[in-house]
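Inspection log for the structure reproduced underneath, given as C-alpha cells.
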2 protein chains.
Amino acid sequence: MTTTRRLHTQQDMRRRNLAAVLYAVADGGPASRARVADRIGLTRTAVSTLVDDLLAAGLLAEAGLGHSGAPGRPGTVLALSDRGPCGLGAEIGVDHLAVCAVDLRGRVRARAAVDSANRGSEPGPVLARLAELVTRVGTEVTAAGLHPAGLRVAVPGLVSRGHAHVVQAPNLGWRDVDLTTGPLAGHGPLTADNEANLGALAELWIGDPVCRTGDVLHISAEIGIGSAILTDGQLLRGNRGFAGELGHVPVRRRGEPCACGGRGCLEQYAGEAALLRAVGLDPARAVAEHPGPGGRSAYLAGRAADGDRDVLRALRGAGTDLGIALTGATHLLDPHALVLGGALAVLAPWLLPTLTAELGRRLGAAPLLVVSRLGADGPLLGAAHAVTRSVLDDPLRTGDARL
Amino acid sequence: MTTTRRLHTQQDMRRRNLAAVLYAVADGGPASRARVADRIGLTRTAVSTLVDDLLAAGLLAEAGLGHSGAPGRPGTVLALSDRGPCGLGAEIGVDHLAVCAVDLRGRVRARAAVDSANRGSEPGPVLARLAELVTRVGTEVTAAGLHPAGLRVAVPGLVSRGHAHVVQAPNLGWRDVDLTTGPLAGHGPLTADNEANLGALAELWIGDPVCRTGDVLHISAEIGIGSAILTDGQLLRGNRGFAGELGHVPVRRRGEPCACGGRGCLEQYAGEAALLRAVGLDPARAVAEHPGPGGRSAYLAGRAADGDRDVLRALRGAGTDLGIALTGATHLLDPHALVLGGALAVLAPWLLPTLTAELGRRLGAAPLLVVSRLGADGPLLGAAHAVTRSVLDDPLRTGDARL
DNA sequence: ACTAATTTGTAAATAGCCCTGACGAAATGG
DNA sequence: CCATTTCGTCAGGGCTATTTACAAATTAGT
C-alpha cells in the first residue's frame with residue numbers, strides 16, 4: 001500500500017535482523033550469540049556478523065563470560081549498552097513540565113520537573129522553560145557517557161505526527177504550534193505525540209505484561225477522559241488521530257449537553273470537572289490548588305480514603321457510567337484487557353466496585369481489568385521510550401527516521 | 001513477537017517481491033515489466049526474473065505488445081491469468097446456501113445458490129447440500145481452464161480461524177462443528193470465517209475505494225447487527241474474534257433487556273427482529289415468508305417505498321439509534337468512513353435521514369457515510385476473494401497457507 | 001527513407017546476505 | 001587426563017537484487 005517504505009531490498013532484511021537481535025536481548029535479557037541465534041531463528045554465523053555491527057555502533061556491549069554451570073564453552077554475554085544512545089522524553093502538562101532520559105536498557109538515568117501554569121499561556125515562554133529542563137537532563141546524561149538520540153514531547157492535544165507540530169491543544173489554548181523552530185532543537189530528531197497515546201505505549205512497553213498478550217484498551221483521564229487502542233503491538237490512531245475519545249461516547253440518550261456538540265457524553269458524568277462539581281468544588285480553583293499531574297485525583301483519592309461520603313458517591317457514579325461506555329467499547333473491540341491508567345489509576349480503588357459490577361452485569365465475559373502501575377508517569381516514560389524504541393527498530397539509521 | 005513466522009530469510013524477501021509484482025498488476029492494471037518495476041521500486045532485471053517465475057507458475061500471462069503511442073520500444077503487457085488458480089467462496093446463511101468462484105482478475109466465473117432452511121438444522125445435511133453446490137461450481141470452472149486453489153466458507157457465527165471450525169453459530173443452532181471432516185473437502189485448503197468479516201473485507205478489496213484510503217467501520221445487519229473494523233488494510237478481530245459487536249452497544253441506559261445479558265442494546269431498537277415487531281410482524285414467520293439473504297429487508301424496503309407509515313417510522317427510529325451507537329464508535333475509532341453494508345444497504349434510503357441528522361448533531365465532523373454497493377453479496381464475494389488474495393500473497397506456496 | 005532519441009527486455013558481472021560444514025577454543029564430568 | 005558439549009569464527013556456496021551494457025522495437029524529426 002505505502003510505496004514509500006520499501007521492504008524488498010537486502011538492506012531492509014539486514015535492518016530487520018539487526019533489530020531482531022536487539023529485541024532478542026531487550027526482551028529476553030542478556031544472552032550469548034548462540035542463545036540469541038536460537039531465539040530469533042538465525043544461525044550463529046549470521047548473528048555473529050550482526051552483533052559485530054551492533055558492537056561497533058555502540059548499541060550492544062560484551063559483558064564478560066557467562067558461566068552457566070552446564071558443560072560446554074561459555075559464551076560472551078551480550079547486553080544492551082548503558083553508555084550508548086538514550087532517549088529524551090518531555091511532557092507539557094496543563095500545570096507542569098517534565099523531562100526524563102532513558103537508556104537502551106530502559107532505565108531512567110535522569111529526570112527533572114517543574115510546576116508551570118501552562119493553561120492559556122503563550123507557547124514561547126513555556127517551550128523556553130521546557131528547553132532549559134531538557135538541556136539540564138541532556139548534560140547530565142552526557143556526563144554519564146550517554147548521548148541523546150532524539151527528543152519526543154508528550155502534548156495534551158492533537159499532534160501531527162512526525163512533524164512535531166501541535167495542531168490544537170485545547171487545555172493549553174494552543175493552535176498550530178510548530179515545536180521544531182523553537183528552542184527544543186539540538187537533541188537529535190524532535191518529535192511529538194499525544195500524551196494519552198504515549199501513556200498507552202508506555203504501558204505496552206514497560207507496564208503490565210497482559211498488554212503484550214493481546215489487544216488492549218488503555219483508559220487514561222487527565223483533564224478529559226481519553227483512551228488508546230493497542231492492537232497487535234501498535235496504536236490505532238484513526239483517520240485524523242482522534243481515535244480513543246472515550247470521554248465523548250454517549251452514555252445517556254438525552255443527557256447533559258457537552259462542549260463537543262453531543263449530549264450525554266461520558267465526560268459529563270465521569271470526567272474530572274464533573275467529579276469536582278459533584279463534590280461542590282469549582283474545577284478551575286481546584287486546578288490551581290492541586291496542581292501537577294494527577295493533582296486533583298490525588299486530592300479526591302485522599303478524601304475518598306478519609307471516607308468522604310460525597311466523594312465516594314461521585315466515584316461510584318463515575319464507575320457506573322464508565323462501565324456503560326466500556327461495555328460498548330468492549331463489544332466493539334473485544335479487548336484482552338482494559339487498563340486504567342493516568343489519573344484513573346489512583347482513583348481505581350473507589351471506581352472498581354461499580355465499574356466491575358456494571359461490566360459483569362452487561363457483559364457475559366468481561367475482559368481483564370488492570371490498574372496501571374505507571375499511573376501519571378506513563379506519558380513521560382512513554383515519550384522517552386519511544387525514542388529508544390526507534391533506535392532499536394533501525395539500529396544503523398540507514399532509513400529515514402519514521403518517528 | 002511471533003517467532004513462528006520468520007521474516008528474515010531470503011526466501012521471504014523473494015516471496016514478498018513476487019507478491020509485490022502480482023499486486024502491482026492487480027491494483028494498477030496490466031502493465032509491462034518496466035512499468036511494474038517503476039511501480040514497486042525494483043529494477044527491471046529483478047522484475048524480469050520475478051515475472052519469469054510467475055509466468056511459469058501460471059499466475060501471470062503475457063497479453064501481447066502494448067502500443068502506447070509514446071516513443072520507445074513497446075513492452076509486453078502482463079496481466080493476471082484468467083486460466084490459473086481461482087478462489088471458491090461459500091456462504092451458509094440462515095435460509096440459503098450459495099457458492100461462487102472468482103478468478104485472479106476478480107471476475108466471478110461461476111455461481112450457484114439454493115434456498116435452504118438452515119435454522120436449527122443438523123450440520124450434516126446442510127453441509128452435504130452445500131458440497132453439492134461446491135462441486136457443481138468447481139466442475140464448471142475446471143471446464144473453463146481454472147483450478148480451485150481453496151474454499152472459504154462464510155458462516156453467521158464465531159469461527160476459529162484457519163481451522164475451519166465453527167465454535168458457535170446461534171442462528172443456525174450449531175456448536176463446535178468441524179467443517180474439515182465433512183463433505184466439503186477436496187477443493188484445496190478449506191477455511192472459514194465470520195460472514196460480517198468477509199463482507200467487510202469484500203468492501204475493502206472490491207468495494208468502495210474510500211475503504212482503501214483509511215480506517216473504516218463496516219456495518220452489516222443480517223439477523224443481528226454486526227460490524228467490522230478495517231485498520232491499515234486489515235481486520236481488527238479482537239481477543240476472541242468477537243470484535244465488531246455493534247448490535248450490543250448500549251444506546252439506552254435503562255432499556256430493554258437483551259439476550260446478551262445487557263440492556264438497552266442497539267439491536268433491541270434497530271435489529272431486524274425489532275423492526276419487524278415494530279410493524280406488527282412475527283420475526284419467525286417473516287423469515288419463513290421472506291427467505292434468502294436480505295429477504296426481510298427487501299420486503300421492508302418495498303413497504304417503505306410504498307410509503308407505509310409504520311415501516312417509515314420504525315426505520316426513522318432505527319436510524320436515530322444507529323446514529324447514537326455510531327457516534328460512540330466514531331469517537332473511539334475516528335474512522336475515515338462508515339459503510340452501510342449487508343441488509344442495511346437496501347434500507348439505507350430510509351435510515352440515512354435520521355442517521356445523518358444524529359451524527360451531524362453529535363459529532364462536529366462526521367465521517368463519510370457510504371452505502372455499500374455489494375450489499376448482501378459481500379460475504380460470498382469476500383470469501384472467494386480471500387482465497388485468491390492468499391494466492392497472491394504467497395504465489396509459489398512456499399510457506400504454509402496461513403488462511 | 002533514414003537517423004536520432006527513447007524505451008524495453010535480457011545477459012554478464014558484482015555485491016550483499018545468510019547458510020552449510022568444519023574447526024579451534026573453552027568449559028564440564030568422569 | 002580425556003571425552004563431551006557448547007561457543008564463536010572461518011571458508012565456501014547459494015540466492016537475490018543491482019549495476020552495466022547491449023540488442024530490439026518504436027516514435028519524432030529531417
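Every chain is numbered from 1, with letters handed out A, B, ... down the list of sequences.
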Rounded distance in Å - [atom1] ([X]) to [atom2] ([N]):
| X | N | atom1 | atom2 | result |
| --- | --- | --- | --- | --- |
| B:N17 | D:dA17 | CG | C1' | 8 Å |
| A:I40 | C:dC17 | CD1 | C1' | 14 Å |
| A:D38 | D:dC7 | CG | C1' | 11 Å |
| B:L42 | C:dT10 | CG | P | 16 Å |
| A:Q11 | D:dA17 | CD | C1' | 9 Å |
| B:R15 | D:dT16 | CZ | C1' | 14 Å |
| B:R16 | D:dC15 | CZ | C1' | 17 Å |

Inset, instruction - Counting heavy atoms from C-beta on, name the nucleotide in C:dT10, D:dC7, D:dA17 closest to the side chain of B:R33. - result: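 The answer is C:dT10, which lies nearest to the side chain.
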Legend entry - Of the listed nucleotides D:dT18, D:dG8, C:dG9, the one nearest the side chain of B:A46: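 Shortest atom-to-atom distance from the side chain points to D:dT18.
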Does [X] have any side chain to side chain contact (heavy atoms under 4.5 Å, CB included) partners at least two apart in sequence or in another chain, and if so, which?
| X | result |
| --- | --- |
| B:A57 | B:L59, B:L396 |
| A:E62 | A:R33, A:L55, A:T76, A:L78 |
| B:S160 | B:H163, B:H165, B:V167 |
| B:A243 | A:D334, B:L236 |

Inset, instruction - Could I get the full list of side chain to side chain donor-acceptor pair (under 3.5 Å) partners for B:Q10, not counting sequence neighbours? - result: none
Legend entry - Residue mapping more 5' on DNA chain C - nearest nucleotide basis, A:R14 or B:G75: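 Mapping each residue to its closest nucleotide by heavy atoms, the 5'-most match is B:G75.
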Inset, instruction - Could you encode protein contacts along nucleotides 20-30 of chain C as a string, one character per nucleotide from 5' to 3', using B for base contact, S for sugar-phosphate-only contact and - for no contact, with a heavy-atom cut-off of under 4.0 Å? - result: BB--BBBBS--
Inset, instruction - Search all heavy atoms of A:V387 against all heavy atoms of A:C86 and return the closest pair with its distance. - result: CG1-O, 4.2 Å
Inset, instruction - Can you check whether any acceptor in the base of C:dC17 is under 3.5 Å from a donor in the side chain of A:Q10, or vice versa? - result: no
